[in-house]
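These numbers come from the heavy atoms of this one structure, side chains and all, not from hydrogens, waters or symmetry mates.
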Amino acid sequence: MGRALPSSVSAVPSPADGALILSIDRLYFTTEESPQFIDITPDVGEVVKSKGPWSGTVVVHSLHTTAPLLINEAEPLLLDDFKRMLHHLCSDDLDYQHDAHHEERNLAGDDERPNGSSHCRALLLPTTLTIPVVDGVLQLGRWQRAFLVELDMGRPREVLVQCLGMRGQP
(Lines give C-alpha, C1' and ligand atoms only; values in the text may rest on other atoms or scores of the structure.)
Protein backbone atom coordinates (compact mmCIF):
# COMPACT_ATOMS: atom_id res chain seq x y z
CA MET A 1 0.00 0.00 0.00
CA GLY A 2 1.53 3.31 -1.05
CA ARG A 3 0.75 6.72 0.33
CA ALA A 4 1.56 10.12 -1.08
CA LEU A 5 1.77 13.45 0.66
CA PRO A 6 -1.47 15.40 0.49
CA SER A 7 -1.98 18.15 -2.01
CA SER A 8 -3.58 21.22 -0.52
CA VAL A 9 -5.83 24.08 -1.57
CA SER A 10 -6.53 26.77 1.01
CA ALA A 11 -9.41 29.17 0.50
CA VAL A 12 -8.16 31.48 3.25
CA PRO A 13 -4.38 32.12 3.28
CA SER A 14 -2.60 31.89 6.68
CA PRO A 15 -5.44 33.05 8.92
CA ALA A 16 -4.58 34.89 12.14
CA ASP A 17 -6.08 34.04 15.55
CA GLY A 18 -9.86 33.94 15.38
CA ALA A 19 -9.84 33.80 11.57
CA LEU A 20 -11.61 31.27 9.41
CA ILE A 21 -9.90 28.03 8.40
CA LEU A 22 -11.16 26.60 5.13
CA SER A 23 -8.99 24.17 3.21
CA ILE A 24 -9.26 21.13 1.00
CA ASP A 25 -6.46 18.57 0.89
CA ARG A 26 -6.19 15.37 -1.11
CA LEU A 27 -4.82 12.12 0.23
CA TYR A 28 -3.77 9.33 -2.12
CA PHE A 29 -3.72 5.62 -1.27
CA THR A 30 -3.02 2.49 -3.27
CA THR A 31 -5.11 -0.47 -2.16
CA GLU A 32 -4.03 -4.06 -2.63
CA GLU A 33 -7.11 -6.28 -2.31
CA SER A 34 -10.76 -6.53 -1.41
CA PRO A 35 -11.92 -6.18 1.19
CA GLN A 36 -9.18 -4.08 2.73
CA PHE A 37 -9.43 -1.69 5.66
CA ILE A 38 -6.86 1.12 5.51
CA ASP A 39 -6.55 3.13 8.72
CA ILE A 40 -6.39 6.70 7.42
CA THR A 41 -6.62 8.29 10.88
CA PRO A 42 -2.92 9.30 11.01
CA ASP A 43 -3.12 10.85 7.52
CA VAL A 44 -6.27 12.84 8.31
CA GLY A 45 -4.79 13.81 11.68
CA GLU A 46 -1.65 15.17 9.99
CA VAL A 47 -3.72 17.31 7.62
CA VAL A 48 -5.72 18.68 10.58
CA LYS A 49 -2.56 19.31 12.62
CA SER A 50 -0.84 21.08 9.71
CA LYS A 51 -3.39 23.92 9.94
CA GLY A 52 -2.16 24.86 13.42
CA PRO A 53 -4.42 25.18 16.46
CA TRP A 54 -8.00 25.45 15.24
CA SER A 55 -11.44 24.10 16.12
CA GLY A 56 -14.33 23.09 13.89
CA THR A 57 -14.98 20.05 11.75
CA VAL A 58 -13.12 18.00 9.21
CA VAL A 59 -15.07 16.36 6.41
CA VAL A 60 -13.42 13.30 4.88
CA HIS A 61 -14.85 12.21 1.53
CA SER A 62 -13.99 9.28 -0.74
CA LEU A 63 -14.10 9.98 -4.48
CA HIS A 64 -14.97 6.37 -5.31
CA THR A 65 -18.20 4.38 -5.36
CA THR A 66 -16.52 1.15 -4.23
CA ALA A 67 -14.17 2.61 -1.60
CA PRO A 68 -16.35 4.01 1.19
CA LEU A 69 -15.30 5.23 4.63
CA LEU A 70 -16.17 4.20 8.15
CA ILE A 71 -15.30 4.82 11.78
CA ASN A 72 -14.81 1.76 13.96
CA GLU A 73 -12.19 -0.12 15.97
CA ALA A 74 -8.91 -1.26 14.42
CA GLU A 75 -9.17 -4.63 16.17
CA PRO A 76 -8.12 -7.33 13.63
CA LEU A 77 -10.73 -9.94 14.62
CA LEU A 78 -13.51 -7.35 14.39
CA LEU A 79 -12.31 -6.36 10.91
CA ASP A 80 -12.35 -10.07 9.93
CA ASP A 81 -15.95 -10.29 11.23
CA PHE A 82 -16.86 -7.23 9.20
CA LYS A 83 -15.33 -8.76 6.04
CA ARG A 84 -17.39 -11.94 6.58
CA MET A 85 -20.54 -9.90 7.15
CA LEU A 86 -20.04 -7.95 3.91
CA HIS A 87 -19.48 -11.17 1.94
CA HIS A 88 -22.50 -12.79 3.57
CA LEU A 89 -24.80 -9.86 2.77
CA CYS A 90 -23.52 -9.35 -0.80
CA SER A 91 -22.01 -12.65 -1.92
CA ASP A 92 -19.90 -12.76 -5.08
CA ASP A 93 -22.02 -15.77 -6.12
CA LEU A 94 -25.24 -13.78 -6.56
CA ASP A 95 -26.54 -12.70 -9.96
CA TYR A 96 -26.04 -8.92 -10.22
CA GLN A 97 -27.57 -7.00 -13.12
CA HIS A 98 -24.61 -4.60 -12.97
CA ASP A 99 -22.33 -7.51 -13.89
CA ALA A 100 -24.32 -8.11 -17.09
CA HIS A 101 -23.81 -4.43 -17.92
CA HIS A 102 -20.04 -4.89 -17.48
CA GLU A 103 -20.05 -7.95 -19.75
CA GLU A 104 -21.69 -5.86 -22.48
CA ARG A 105 -19.16 -3.04 -21.98
CA ASN A 106 -16.24 -5.49 -22.00
CA LEU A 107 -17.23 -6.57 -25.50
CA ALA A 108 -16.59 -2.95 -26.50
CA GLY A 109 -13.08 -3.03 -25.01
CA ASP A 110 -13.72 -1.82 -21.45
CA ASP A 111 -11.22 -3.41 -19.05
CA GLU A 112 -13.47 -3.17 -15.97
CA ARG A 113 -14.41 -6.44 -14.32
CA PRO A 114 -17.90 -7.33 -13.08
CA ASN A 115 -18.26 -5.77 -9.63
CA GLY A 116 -21.96 -5.74 -8.72
CA SER A 117 -21.18 -7.23 -5.30
CA SER A 118 -18.67 -4.42 -4.64
CA HIS A 119 -21.25 -1.74 -5.40
CA CYS A 120 -23.91 -3.44 -3.26
CA ARG A 121 -21.48 -3.71 -0.33
CA ALA A 122 -20.68 -0.03 -0.74
CA LEU A 123 -24.37 0.82 -0.26
CA LEU A 124 -23.94 -0.28 3.37
CA LEU A 125 -21.22 2.27 4.15
CA PRO A 126 -20.94 6.06 3.82
CA THR A 127 -18.64 7.89 1.42
CA THR A 128 -18.30 10.87 3.79
CA LEU A 129 -17.28 11.24 7.45
CA THR A 130 -17.55 14.36 9.61
CA ILE A 131 -15.23 14.51 12.62
CA PRO A 132 -15.07 17.32 15.20
CA VAL A 133 -11.71 19.05 15.72
CA VAL A 134 -10.68 20.83 18.93
CA ASP A 135 -7.38 22.71 19.13
CA GLY A 136 -6.09 20.95 16.00
CA VAL A 137 -6.85 17.42 17.24
CA LEU A 138 -9.39 14.95 15.85
CA GLN A 139 -12.09 14.24 18.44
CA LEU A 140 -12.40 10.47 18.13
CA GLY A 141 -13.29 8.08 20.94
CA ARG A 142 -10.69 5.88 22.61
CA TRP A 143 -11.00 3.03 20.11
CA GLN A 144 -12.30 4.92 17.08
CA ARG A 145 -10.31 4.96 13.85
CA ALA A 146 -11.21 6.27 10.38
CA PHE A 147 -10.92 3.69 7.60
CA LEU A 148 -10.93 3.74 3.82
CA VAL A 149 -12.54 0.45 2.84
CA GLU A 150 -11.56 -1.14 -0.48
CA LEU A 151 -14.51 -3.21 -1.70
CA ASP A 152 -13.51 -3.87 -5.31
CA MET A 153 -9.87 -4.48 -6.24
CA GLY A 154 -6.47 -2.97 -5.60
CA ARG A 155 -6.01 0.38 -7.31
CA PRO A 156 -5.19 4.04 -6.64
CA ARG A 157 -7.75 5.79 -4.43
CA GLU A 158 -8.26 9.46 -3.55
CA VAL A 159 -9.80 11.01 -0.44
CA LEU A 160 -10.65 14.69 0.10
CA VAL A 161 -10.09 16.23 3.53
CA GLN A 162 -11.93 19.52 4.07
CA CYS A 163 -11.14 21.52 7.21
CA LEU A 164 -13.64 24.17 8.32
CA GLY A 165 -13.32 26.08 11.57
CA MET A 166 -11.73 28.94 13.45
CA ARG A 167 -8.11 29.43 14.40
CA GLY A 168 -7.34 29.53 18.12
CA GLN A 169 -9.03 28.09 21.19
CA PRO A 170 -12.71 27.00 21.05
Side-chain angles (χ1 to χ4, degrees), residues 1-11 22-51 56-92 94 96-99 101-103 105-106 109-133 137-141 143-164:
M1 160 181 53
R3 296 176 188 224
L5 294 175
S7 63
S8 180
V9 176
S10 292
L22 175 59
S23 68
I24 298 175
D25 293 77
R26 295 173 184 268
L27 297 174
Y28 300 92
F29 302 91
T30 300
T31 62
E32 298 170 357
E33 61 187 1
S34 172
Q36 181 181 5
F37 294 82
I38 299 173
D39 186 346
I40 64 172
T41 311
D43 304 273
V44 174
E46 281 300 313
V47 170
V48 167
K49 185 179 176 182
S50 74
K51 310 302 177 202
T57 57
V58 62
V59 176
V60 186
H61 179 72
S62 172
L63 295 177
H64 308 279
T65 56
T66 57
L69 302 165
L70 71 93
I71 293 178
N72 214 309
E73 289 186 45
E75 196 278 312
L77 296 176
L78 176 62
L79 296 178
D80 287 344
D81 289 340
F82 197 46
K83 290 175 186 178
R84 278 200 323 273
M85 181 202 72
L86 288 170
H87 281 296
H88 176 74
L89 292 173
C90 304
S91 170
D92 291 326
L94 296 176
Y96 296 95
Q97 294 300 310
H98 181 71
D99 292 349
H101 167 74
H102 270 289
E103 288 174 17
R105 287 177 57 192
N106 284 342
D110 186 351
D111 63 353
E112 289 279 327
R113 67 175 187 80
N115 62 354
S117 61
S118 302
H119 284 279
C120 287
R121 289 175 188 137
L123 287 172
L124 304 173
L125 300 170
T127 56
T128 303
L129 303 174
T130 303
I131 304 170
V133 174
V137 177
L138 294 172
Q139 297 302 294
L140 293 169
W143 303 109
Q144 289 182 317
R145 306 298 287 178
F147 291 95
L148 174 66
V149 183
E150 177 58 70
L151 295 175
D152 195 20
M153 62 184 198
R155 63 175 76 178
R157 297 298 195 171
E158 185 176 355
V159 174
L160 293 181
V161 180
Q162 181 181 43
C163 298
L164 178 60

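Nearest heavy atoms, Ser62 versus Leu69: N-CD1, 3.6 Å. When all heavy atoms of Asp39 and Thr41 are compared, the pair lying nearest together is OD1-OG1, 2.7 Å. Ser118 approaches Asp152 most closely through the heavy-atom pair OG-OD1, 3.1 Å. Here the closest non-hydrogen pair linking Asp25 and Lys51 is OD1-NZ, 3.0 Å. Considering all non-hydrogen atoms of both residues, Ala146 and Ile71 come closest at CA-CG1, 4.4 Å. In plain terms, the two heavy atoms of Met153 and Ser34 that are nearest each other are N-CB, 4.2 Å.
Looking at His61, its side chain never comes within 3.5 Å of a backbone N or O of Leu129 through a donor-acceptor pair. Glu75 places a side-chain N or O within donor-acceptor distance of the main-chain N or O of Leu77, the cut-off being under 3.5 Å. With hydrogens and angles ignored, the 3.5 Å screen pairs no side-chain donor or acceptor of Glu158 with any backbone N or O of Pro156.
Between the SG atom of Cys163 and the CD1 atom of Ile24 there is a distance of 9.5 Å, given to the nearest 0.5 Å. Of the inter-residue distances, the one linking Leu138 atom CG with Thr57 atom OG1 reads 11.0 Å to the nearest 0.5 angstrom. Atoms CG and CG, on Asp81 and Leu86 in that order, are 11.0 Å from each other to the nearest 0.5 Å. Atom CD of Glu46 and atom CD1 of Ile40 lie 13.5 Å apart (nearest 0.5 Å). We find the NZ-CG distance between Lys83 and Leu78 to be 11.0 Å, quoted to the nearest 0.5 Å.
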Test side-chain contact (heavy atoms from CB on, under 4.5 Å) on Val47 and Leu27; report intermediate values, then the result.
CA-CA 9 Å; Val47 170; Leu27 297 174; 4.0 Å; yes

I would like to know whether Arg26 and Leu160 meet side-chain contact (heavy atoms from CB on, under 4.5 Å); could you show each step before the answer?
CA-CA 5 Å; Arg26 295 173 184 268; Leu160 293 181; 3.4 Å; yes

Yes or no on side-chain contact (heavy atoms from CB on, under 4.5 Å) for Val161 and Val58, after CA distance, side-chain angles and deciding distance?
CA-CA 7 Å; Val161 180; Val58 62; 3.4 Å; yes

Worked verdict on Gln162 versus Ser23 for side-chain contact (heavy atoms from CB on, under 4.5 Å):
CA-CA 6 Å; Gln162 181 181 43; Ser23 68; over 6 Å; no

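When side chains are defined from C-beta on, Ile38 does not count as touching Phe147, because their heavy atoms never get closer than 4.5 Å. Met85 has its side chain out of reach of His88: every pair of non-hydrogen atoms, C-beta onward, lies at least 4.5 Å apart. Within the 4.5 Å cutoff, the side chain of Leu63 has no heavy atoms near those of the Val159 side chain. With contacts defined as side-chain heavy-atom distances shorter than 4.5 Å, the pair Ile131/Leu140 qualifies. For the pair Val60/Thr128, no side-chain contact is recorded, criterion being any heavy-atom separation below 4.5 Å from C-beta on. Between Pro68 and Leu151 the shortest side-chain heavy-atom distance falls below 4.5 Å.
Between Thr66 and the options Arg155, Glu150, Arg157, a side-chain hydrogen bond (donor to acceptor under 3.5 Å, both in side chains) holds for only Arg157.
The aromatic rings of Phe37 and Phe82 lie tilted to each other, with the angle between the two planes from 30° to 60°.
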